[in-house]
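Reading through the structure tokens given below for one structure.
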Amino acid sequence: TGRQDAIAFHFTEKGSDIVILSAAHDELGNQNLKQLLVVLIVACAGGVIVAIGSGYFFSRQLLSPLSRIADQVNEISAQNLASRIPTGNTRDEWHYLTDTLNRLLNRLQESFDTQRRFISNASHELSTPLTSVSSQLQVYLQKERTPAEYRQVLESVYQDVQHLSQLTRTLLEFAKTSGDTGGLELNTLRIDELLLRLPSELQKNNPAHSVSLSFNDLPEDEQALFVFGNEELLFTAIRNIVENACKYSTDSRAEVALSAQEGRIEIIVSDNGKGISEAHLNTIFEPFFREADLRSTEGFGLGLALAQKIIKLHKGSIEVKSVVGTGSAFIITLPSTGRKF
């Protein structure tokens with residue numbers, strides 16, 4: 001039959017039984033084992049192929065939204081930042097990713113729009129005095145003038161140059177506060193001593209302006225009055241706000257109140273001017289913004305924008321409260337030295 005069975009030999013010697021068992025080669029069993037091995041190899045290989053194929057298929061299905069999002073992001077540029085990535089209706093991880101990217105695009109668009117407005121307004125403000133200087137010189141050079149006429153045009157040109165110089169300094173200060181505190185000289189300074197400089201500084205620029213300082217209810221611990229920052233930048237921010245209050249107040253007077261509590265310092269600058277309409281409360285800190293009926297007033301519309309940037313640079317905040325026809329109050333909050341950054 002092609003199979004050799006086991007053969008047993010039995011011997012008897014001197015009362016003992018000796019049994020010898022000899023096993024022959026099992027051909028059929030070996031064939032079954034080979035067939036089983038082949039089946040296992042084929043099953044394993046098939047399982048691996050199926051696993052790779054299904055993994056590739058599902059990964060493609062899983063990552064296809066990512067490829068679609070990447071293609072849509074690649075189509076968005078500075079010229080069409082208004083485009084947004086469809087989020088779909090399913091609240092899954094892809095919805096969260098696209099929503100996060102859309103919020104990032106919103107911030108980028110807002111930053112680009114602000115930059116465009118700033119460049120446009122800055123170009124206009126810079127070109128105005130240059131055009132005035134050029135026009136006056138062109139007119140007066142067309143023929144001989146008297147010494148008095150030359151003096152008149154020189155005085156006019158000098159005013160325009162001063163205006164241009166002041167605007168350039170303001171723009172440089174504005175640019176300097178657009179980064180972080182890494183390149184600034186920071187020291188511990190006492191805020192009440194900083195505020196004491198305001199009356200003389202404002203009267204030096206405009207004798208009609210006056211400042212009333214109120215330091216009531218200050219804490220006994222002097223450390224509560226110290227802040228950590230750049231003295232000149234911080235003074236520029238507060239001075240701009242106080243100067244604005246004097247400029248738009250009916251009696252050219254500003255009231256400055258100082259208080260300190262719970263690790264923070266609060267400075268309130270009040271005036272009794274015409275107030276700010278509710279529609280403009282969110283836009284007064286934009287560069288070059290000025291209400292239509294106040295554009296004839298001297299200034300560039302950069303004071304509040306610069307002040308806000310400096311205060312934010314010092315980890316503080318500015319809040320505005322205003323009543324039309326009564327006046328406005330600017331509330332500056334700064335961290336004391338107990339909360340250094």
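None of the values given here were measured: they were computed from a predicted structure.
With Asp271 contributing its side chain and Ser328 its backbone, the two residues share a donor-acceptor pair below 3.5 Å. At least one donor-acceptor pair closer than 3.5 Å links the side chain of Thr236 to the backbone N or O of Glu232.
Residue Glu222 places its CD atom among 12 or fewer non-hydrogen atoms of other residues, nucleotides or ligands, all under 6.0 Å distant. Environment of CD in Glu155: crowded, with over 12 heavy atoms of neighbouring residues, nucleotides or ligands closer than 6.0 Å. Within a 6.0 Å sphere centred on CZ of Arg197, other residues, nucleotides and ligands contribute more than 12 heavy atoms.
Residue Leu189 is grouped with residue Leu196 when hydrophobic side chains (ILVMFWY) are merged at heavy-atom distances under 4.5 angstrom, including chains of intermediate members. Hydrophobic clustering places Phe235 together with Leu195 (ILVMFWY residues linked when any side-chain heavy atoms are closer than 4.5 Å, directly or through intermediates). Val323 is not connected to Ile284 by any chain of hydrophobic side-chain contacts under 4.5 Å among Ile, Leu, Val, Met, Phe, Trp and Tyr, and they are in different clusters. No continuous path of ILVMFWY side-chain contacts below 4.5 Å connects Tyr150 to Val157, so the two sit in separate hydrophobic clusters. Tyr96 and Leu105 are not part of a single hydrophobic cluster, where members link through side-chain heavy atoms under 4.5 Å apart.
You'll find the side chain of Ser214 stays beyond 4.5 Å of the side chain of Glu255, heavy atoms only. Side-chain atoms of Asn230 and His314, non-hydrogen and from C-beta on, do get closer than 4.5 Å to each other. Residues Asn244 and Phe330 form no side-chain contact, since every pair of their non-hydrogen atoms from C-beta on lies 4.5 Å or further apart. Leu258 places none of its side-chain heavy atoms less than 4.5 Å from the side chain of Leu213. Leu37 places none of its side-chain heavy atoms less than 4.5 Å from the side chain of Lys34.
Nearest approach of Ser336 to Ala224, heavy atoms of both residues: CB-O, 3.8 Å. When all heavy atoms of Pro335 and Lys315 are compared, the closest pair comes out as CD-O, 3.5 Å. What you find for Ser322 and Gly327 is that their closest heavy atoms are OG-O, 3.3 Å. Contact between Thr337 and Phe228 at its shortest, heavy atoms only, is CG2-N, 4.4 Å. In terms of heavy-atom proximity, Gln138 sits nearest to Gln142 at O-CG, 3.2 Å. In this structure, Leu202 and Cys246 approach most closely via the heavy-atom pair CD2-SG, 3.7 Å.
Val256 pairs in a side-chain contact (heavy atoms from CB on, under 4.5 Å) with only one of the listed residues (Ile238, Val242, Ile241), which is Val242. Each of Val161, Leu137, Asp160 was checked for a side-chain contact (heavy atoms from CB on, under 4.5 Å) with Ser132, and the lone residue meeting it is Asp160.
Taking CZ from Arg253 and CG from Asn272, the interatomic distance works out to 9.0 Å, rounded to the nearest 0.5 Å. Separating the CD1 atom in Ile265 from the CG atom in Leu194 is a distance of 10.0 Å, to the nearest 0.5 Å. In this structure, Lys309 NZ and Ile318 CD1 are separated by 12.0 Å, a value rounded to the nearest 0.5 Å.
The hydrophobic cluster containing Val48, built from Ile/Leu/Val/Met/Phe/Trp/Tyr side-chain heavy atoms closer than 4.5 Å, also comprises Ile52.
Using a 4.0 Å cut-off between charged nitrogen and carboxylate oxygen, Glu231 and Arg239 do not count as a salt-bridge pair.
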